[in-house]
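All chains are named by letter (A, B, ...) in the order of the sequence lines, taking the proteins before the strands, and each is independently numbered beginning at 1.
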Number of protein chains: 2
Amino acid sequence: MIDIPDGSLFGLTNLPYGVFSTPGTEPRVGVRVGDSVVDLAAALGDEVFAQPALNAFMAQGHDRWVQVRQQITELVSGEVPDEVVHPVAEVRMHLPIEVADYVDFYASEHHASNLGRLFRPDSEPLMPNWKHLPVAYHGRGGTVVVSGTDIVRPSGQRKAPSEDTPTFGPCRRLDIEAELGFIVGTGSDLGTSVPVDEFGTRVFGAVLVNDWSARDIQAWEYVPLGPFLGKSFATSISPWVVPLLALEEARVEIPPQSPEPLQYLKESEPWGLDVELAVSWNGHEVSRPPYREMYWSPAQMLAHMTVNGATSRTGDLYASGTISGPEKDQRGAFIELTWGGKEPLSIGGEERTFLEDGDEVAITATAPGAGGTRIGFGEVTGRILPAT
Amino acid sequence: MIDIPDGSLFGLTNLPYGVFSTPGTEPRVGVRVGDSVVDLAAALGDEVFAQPALNAFMAQGHDRWVQVRQQITELVSGEVPDEVVHPVAEVRMHLPIEVADYVDFYASEHHASNLGRLFRPDSEPLMPNWKHLPVAYHGRGGTVVVSGTDIVRPSGQRKAPSEDTPTFGPCRRLDIEAELGFIVGTGSDLGTSVPVDEFGTRVFGAVLVNDWSARDIQAWEYVPLGPFLGKSFATSISPWVVPLLALEEARVEIPPQSPEPLQYLKESEPWGLDVELAVSWNGHEVSRPPYREMYWSPAQMLAHMTVNGATSRTGDLYASGTISGPEKDQRGAFIELTWGGKEPLSIGGEERTFLEDGDEVAITATAPGAGGTRIGFGEVTGRILPAT
């Protein structure tokens, strides 16, 4: 039996999937158990896992996900041959999915209100549409990268309110957004939509997302068509995909919604999730964003995203938007934590407003698992390199 | 020799690539010559063409594109075996590329001004950033479809200014956007950017784009993060990719830019394009949008899109945004042609403001080719089906 340390966040109630390689071998699908990675193609003899992305397995659908989870549970509860088990410290993790479309929502009322106050100080913080629909935009699928990928400081046009014309140069307000991302396992056809209650069978799992944001570039470019270069330089995700099947115990009611949402957004079963994130800046924890406070559920997001008949595809990634709770130390972006840079944080004795070159950010998360356990999402990290 | 009718828009100076199939065969790459399609895998014996998308060929790079164009010219100037030639009327055309990321620009000053007046009647029509950078947003790559695909009328949330709350239902203001799309052949790495003068070697070719738009859904959802469901239900493209190599004679200066663009947007060679579009509504021509009037060039668009270090990939599609000229009959969207629905058009004796079920739209285009010829882009068509 694989040794699972006491209190491990990767016990038998979690079993997240990822894509790993060992030196000299090709990337393939593995499952994490304790501090080990089990090579699924080798252990189960199924070629669907001998691929550099989870997409082929995800496309097999919900019944198969249930079956494989059961198989893995049985496998790792018995004797597992040494040659299919690798210490997690000795493997390299890769992007777990081939990303189809990437959508970023804006589902935290606290975050949207804070950003509204900071970006549009003369207007109501929440737009009139915000409580009627989960606002979202498409991001750049091609720049979704795996945790640990260095982030080159983006350059672009910035214009401070005090300046008459924009200048070109490295971003001066580089920020993070701590989010939860959902991965579509089985998609839907053009001209059809996904009912809100099909979330649980169509979505394969969840990852942590850091949607790096260049606030100065974003502020100058985003009216009227939304964020573009301020976001598209990189979006990091955690390497371990936590199966939705592992998150049953984490399900909670979402906060009350008023006004009542339109019919296509009404869930018959709750899909709020009690996931607790933690954000560290150069090793110092600066925030604990609570996912359970999100106004819109991920089931509502998927229903909304496809209600116009848009296709969904295996490998679609949609993220929640920044997770911010009601308390100051629950905010998931530095622009909120430092109130637009006006209230610096002390990070190990150094003052910080936005990210400096060499800074490193790590986002982690845990949630309740079956049988009183806790399960982990691992982490999404990234270090800032100077602009080129 | 393949027969090329006099005045054909698909003579030897065009040679656009597409993906076709004949009954019972797999989609593969062909080149159009007159009213024929030449099966390139069969004719040239190269497996890179025996694929259902142009991506593998495009990824081989500019030198190879030049070489293959030369090979094809020699091939079709001589005797071509009958078995590799198919009448265009007997083949089915498929989506020519596997779409990576899809970006939509907003590069026509006339269109942006008109939309500004219609969507934000109380503000300056052009935003302060508009003449400093080519405004754009990411669209949904998964819903890019080939010409001829039926378009199911999207449903969604709409709120007319006269209504207090949104309602759910079929789009009441279904529109088109006539655009030119550019396909990236060879991409660029994360953390690097594409210099404006590399457009000519990195972009493989151009297609016609109809970016279907649900104006009522768009108007309600788009503040502050931009268009989402109002656009993501479908984007149609023409099946024939006109190589950039065929567009040398079409190159013109873009209109004067003031203020002077920042350095990374300064072209040393002009990449304006003298492409003339024509829009037909149920067979009646309603507009002739002139691409040469576009404020931002496609080279500037690519440089801007990657200036923050965002990856570009083989198969990236970026579109110009609606092409509207200064004259009323040069506008590329019905919302402009009917001035927000207030000035109906007469279409074969019927009044039209926005699209009705059963309506069909066709967009075509031509440009100057080498040696005094004209070359064609074929067409992008779509018919509206009722909401489901």
Quiz prompt | Proximity breakdown for A/Thr388 and chain B, heavy-atom pairs closer than 4.5 Å | solution = side chain
Self-check item: Top of A/Ala234, A/Gly156, A/Ser155, A/Ala214 for chain B proximity - count of heavy-atom pairs under 4.5 angstrom
Solution: A/Ser155
Practice problem: Specify which of A/Val152, A/Thr143, A/Asp150, A/Asp104 makes the most heavy-atom pairs with chain B at under 4.5 Å. | Solution: A/Thr143
Self-check item: Heavy-atom contact with chain B under 4.5 Å, split by part of A/Arg153
Solution: neither
Quiz item: Side chain, backbone, both or neither: which part of A/Leu262 has a non-hydrogen atom closer than 4.5 Å to chain B?
Solution: side chain
Quiz prompt | Mutual orientation of the aromatic rings belonging to B/Phe228 and A/His138 [parallel < 30°, tilted 30-60°, perpendicular > 60°] | solution = tilted
Quiz item: Heavy-atom distance under 4.5 Å between the side chains of B/Pro224 and A/Tyr106, does that happen here?
Solution: yes
Self-check item: B/Arg383 CZ: over 12 foreign heavy atoms closer than 6.0 Å
Solution: no
Quiz item: Any chance the side chains of B/Ser232 and A/Asn308 put a donor and an acceptor closer than 3.5 Å?
Solution: yes
Self-check item: Pairwise side-chain contact, A/Leu225 with B/Pro227, heavy-atom cut-off 4.5 Å (strictly under)
Solution: yes
Quiz prompt | Flag if over 12 foreign heavy atoms under 6.0 Å of CD, A/Glu267 | solution = yes
Exercise. Name the region of B/Ala100, side chain, backbone, both or neither, that has any atom closer than 4.5 Å to a heavy atom of chain A.
Key: neither
Self-check item: Heavy-atom contact with chain A under 4.5 Å, split by part of B/Val99
Solution: neither
Quiz item: If you count heavy-atom pairs under 4.5 Å with chain B, which of A/Tyr222, A/Tyr137, A/Trp130 comes out on top?
Solution: A/Tyr137
Quiz item: Checking heavy atoms, do the side chain of B/Leu190, its backbone, both or neither come under 4.5 Å from chain A?
Solution: side chain
Practice problem: Could you check whether the rings of A/Phe168 and B/Tyr264 sit parallel, tilted or perpendicular, using 30° and 60° as the cut-offs? | Solution: tilted
Practice problem: May I ask you to name which of A/Gly187, A/Pro154, A/Gly309 has the most heavy-atom pairs under 4.5 Å with chain B? | Solution: A/Pro154
Self-check item: Per-residue contact mode, A/Asp101 against chain B (heavy atom under 4.5 angstrom)
Solution: side chain
Self-check item: Among the listed options B/Gln157, B/Lys231, B/Arg120, B/Met127, the residue most often paired with chain A at heavy-atom distances under 4.5 Å
Solution: B/Gln157
Quiz item: So, the side chain of B/Arg140 versus the backbone of A/Thr311: is there a donor-acceptor pair under 3.5 Å, distance only?
Solution: yes
Practice problem: Pick one of side chain, backbone, both or neither for A/Leu126, based on which atoms fall under 4.5 Å of a heavy atom in chain B. | Solution: neither
Quiz item: chain B: which of A/Ile217, A/Ile151, A/Leu133, A/Thr149 shares the most heavy-atom pairs with it under 4.5 Å?
Solution: A/Leu133
Quiz item: Is the number of heavy atoms from other residues, nucleotides or ligands within 6.0 Å of CD (B/Gln257) greater than 12?
Solution: yes
Self-check item: Part of B/Thr167 lying under 4.5 Å from any heavy atom of chain A
Solution: backbone
Practice problem: Kindly say whether B/Asn129 contributes a backbone atom to a donor-acceptor pair with the side chain of A/Glu221 at under 3.5 angstrom? | Solution: no
Quiz item: For the candidates B/Lys159, B/Gln263, B/His304, which exhibits the highest count of non-hydrogen atom pairs separated by less than 4.5 Å from chain A?
Solution: B/His304
Practice problem: Verify the neighbour count for atom CD of B/Glu163: are there more than 12 heavy atoms of other residues, nucleotides or ligands below 6.0 Å? | Solution: yes
